[in-house]
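The next block holds one structure in the form of C-alpha cells; read it before the comments.
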Amino acid sequence: MSNMNKELIDKLAQTMSRVEHNKLSSPIRPVINEFENMGRHSIIIGPRGTGKTTLLLNNAKNKRILYFSADDFDVPANGIHDIAVDAFSLGYEGVFIDEIHYDSKWEQALKSLYDKYEDRIIWASDSSSLQLRSGIRETARRFLYKELPLMSFREYIYLKTEKKFPVIADPFCYEPDFKVDSDFLYLFEEYKKEGFLPIFLAGDYDEKFKDIITKTISSDIPYFVPVIKSTHMQLMKEILRYLSSSNVPRIETENLTRQWNTSYEKLIKLLHVMEETGLISIITEYGDSKEKFSRSKVFLANPSAYRILGGKEGNLRESLTALSFKACGMRINASAKEEAGDFIVTDKSNTSISLEVGGRKKKNQEKRLRNQR
C-alpha cells in the first residue's frame, strides 16, 4: 500500500472520530439496542435522519472498524472497494460504508469484498430500500437487510423523560396494566410536532427536517431516477406541498403530467422513488389490484411534515394512523367507499376492520368500526 493510501485511511479515521463524538454523545433511540447482533454482513436501510449512522457506530464500539461515507469528498476518486481493501491490510477488522448508493458500483464492490474477506465485518447503510437498484439479488444472498423505521411514541417518551412503556403489539386489544400520567397527552402533541426523527434532540427540528427533504430530493433521488431535470425536482416539492394541504390526499396523475409537461412513466417513477426514500406513503385502495396510484391515498410519510409545511391536521392524523398500523405489521388500505370509513386494517390472522379517523369536529355520518370478514 502506498503512503498516499495510508494517509487517506488515517484521514477517514479522524473523520470517524468526529462523527462518533457527535452521534454517540446524545441519547440513543431505544430501538437501536434491538440491533445489537448485527452479524458480519449487514445493510441498514431507512429514511434520512432515523439514526442509521448512530446505530452502526454504536455497534462498532470496542471493534476496530473504519467508518466512511460514500459521499465523502475523497471517497469517489478511490472507490469504496479499494478503501476497504486498504483498511483490511492495515488491520481493521471491518468497514462501515454510509450512504452507499453514492458509489455507482456499490453492488460489485460489496460482492467482491464479501467473496475476498468473508471473515471481516462489512456493514453499509442507505436512505433507500435499494429495491430500485439492479443487482440487489446478488447482495441479498450475501447480506442481511434490516430497516430502521421512524420513531415510535414509546421511543419519543423515553428520550424526553426516560420513562419506559411496554410495547403494545395489538392496538385493538385493551391493556389493563397500561397506565399513563398527566403528561401523556401533552407528550403526544409534542410527538406529532417533532417526534419521528431523533434529530429533535439537537434542536432546530424544522430546519433540519427541511434540509432532509432538500437533500433527499436533490442528492438521493437523482441516483435512482435516470435523466432527472430541475423541473422534476420542483415537481416533487409541489407534490409534497399539495399533499400536505389537500382535502383529498390523492394524486391526479393526468393533471400533473399536463401541468409539468412530463411523461406518465416519469411521474410514476418519481412517485415510486419518493416512497422508497421515505418522503411519501402510498396506501392502495382495499381490493385494488390495478395501477398503484389510480385510487390510492397518498400521505407524507413523516406526519410532522404536515405542521412544518403548513398542512392540515386531518391529513396528519391519517398519516400517523397509517404509519402506526404498518409498524404493528398490519396491512392498511384505503376504503373503497367513503361510508365504509377511511381505512381497512387487516391483521396477521387476516381479519379486516373498518377504521374511521377523525377529530372532535369531524361529522360521524354513521360510520362505525365493524368487522369486514
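Under the rule for a salt bridge (Lys or Arg N to Asp or Glu O under 4.0 Å), the partners of Lys297 that lie at least two apart in sequence or sit in another chain are Glu318, Asp342. Under the salt bridge (Lys or Arg N to Asp or Glu O under 4.0 Å) criterion, Asp119 pairs with no residue at all, not counting sequence neighbours. Partners of Ser281 according to the side-chain contact (heavy atoms from CB on, under 4.5 Å) rule, which considers only residues two or more places apart in sequence or in another chain, are Ile283, Ala301, Lys326. With sequence neighbours left out, Phe165 forms a ring pair (Phe, Tyr, Trp, His ring centres under 6.0 Å) with Phe178, Phe184. Take Ser112 and apply the side-chain contact (heavy atoms from CB on, under 4.5 Å) test, not counting sequence neighbours, and it matches His81, Lys116. Taking the salt bridge (Lys or Arg N to Asp or Glu O under 4.0 Å) definition, one finds that Lys266 meets it with nothing, sequence neighbours left out.
Interatomic distance, CD1 of Ile65 versus CG of Leu56, reported as 8.5 Å (0.5 Å rounding). We find the OG-OH distance between Ser152 and Tyr158 to be 13.0 Å, quoted to the nearest 0.5 Å. We find the CZ-CG distance between Arg48 and Asp126 to be 9.0 Å, quoted to the nearest 0.5 Å. With rounding to the nearest 0.5 Å, the separation of CD1 in Ile121 from CG in Leu113 is 13.5 Å. Annotation: the span from Ile212 atom CD1 to Lys210 atom NZ amounts to 13.0 Å, rounded to 0.5 Å. Annotation: the span from Ile251 atom CD1 to Leu267 atom CG amounts to 7.5 Å, rounded to 0.5 Å.
Criterion: ILVMFWY side-chain heavy atoms under 4.5 Å apart, direct or through other members. Under it, Tyr186 and Met151 are part of a common hydrophobic cluster.
You'll find the side chain of Leu355 stays beyond 4.5 Å of the side chain of Ile344, heavy atoms only.
Between Tyr205 and Leu197, the shortest heavy-atom distance links the atoms CE1-O, 3.9 Å. Nearest heavy-atom pair, Pro222 versus Ser218, reported as atom, atom and distance to 0.1 Å: CG-O, 3.3 Å.
In this structure, Asp115 places its CG atom where more than 12 heavy-atom neighbours from other residues, nucleotides or ligands lie under 6.0 Å away. The 12-atom threshold is not exceeded at NZ of Lys23, counting heavy atoms of other residues, nucleotides or ligands nearer than 6.0 Å. No more than 12 heavy-atom neighbours from other residues, nucleotides or ligands sit within 6.0 angstrom of CD on Glu162.
Arg18 and Thr15 share a donor-acceptor pair across their side chains, judged by distance under 3.5 Å alone. In the model, Thr277 has no side-chain atom that pairs as donor or acceptor with a side-chain atom of Ser127 under 3.5 Å.
Taking a cutoff of 4.0 Å between a charged side-chain nitrogen and a carboxylate oxygen, Lys192 and Glu313 qualify as a salt bridge. Comment: Glu155 does not engage Lys160 in a salt bridge, judged by the lack of any side-chain N to carboxylate O separation of less than 4.0 angstrom.
Among the candidates Phe209, Tyr191, Tyr156, the single residue satisfying the ring-ring contact (aromatic ring centres under 6.0 Å, His included) test with Phe200 is Tyr156. Tested against Leu270, the residues Glu265, Glu275, Met233, Met236 include a single side-chain contact (heavy atoms from CB on, under 4.5 Å) partner, Met236.
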Verdict with reasoning, Asp220 to Lys215, per salt bridge (charged side-chain N to carboxylate O under 4.0 Å, His left out): CA-CA 7 Å; Asp220 295 335; Lys215 286 182 178 179; over 6 Å; no
Full working for side-chain hydrogen bond (donor to acceptor under 3.5 Å, both in side chains) between Ser296 and Thr284: CA-CA 4 Å; Ser296 301; Thr284 56; 5.3 Å; no
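Ring geometry for His101 against Tyr223 counts as perpendicular: the plane angle is over 60°, on a 0 to 90° scale with 30° as the lower cut.
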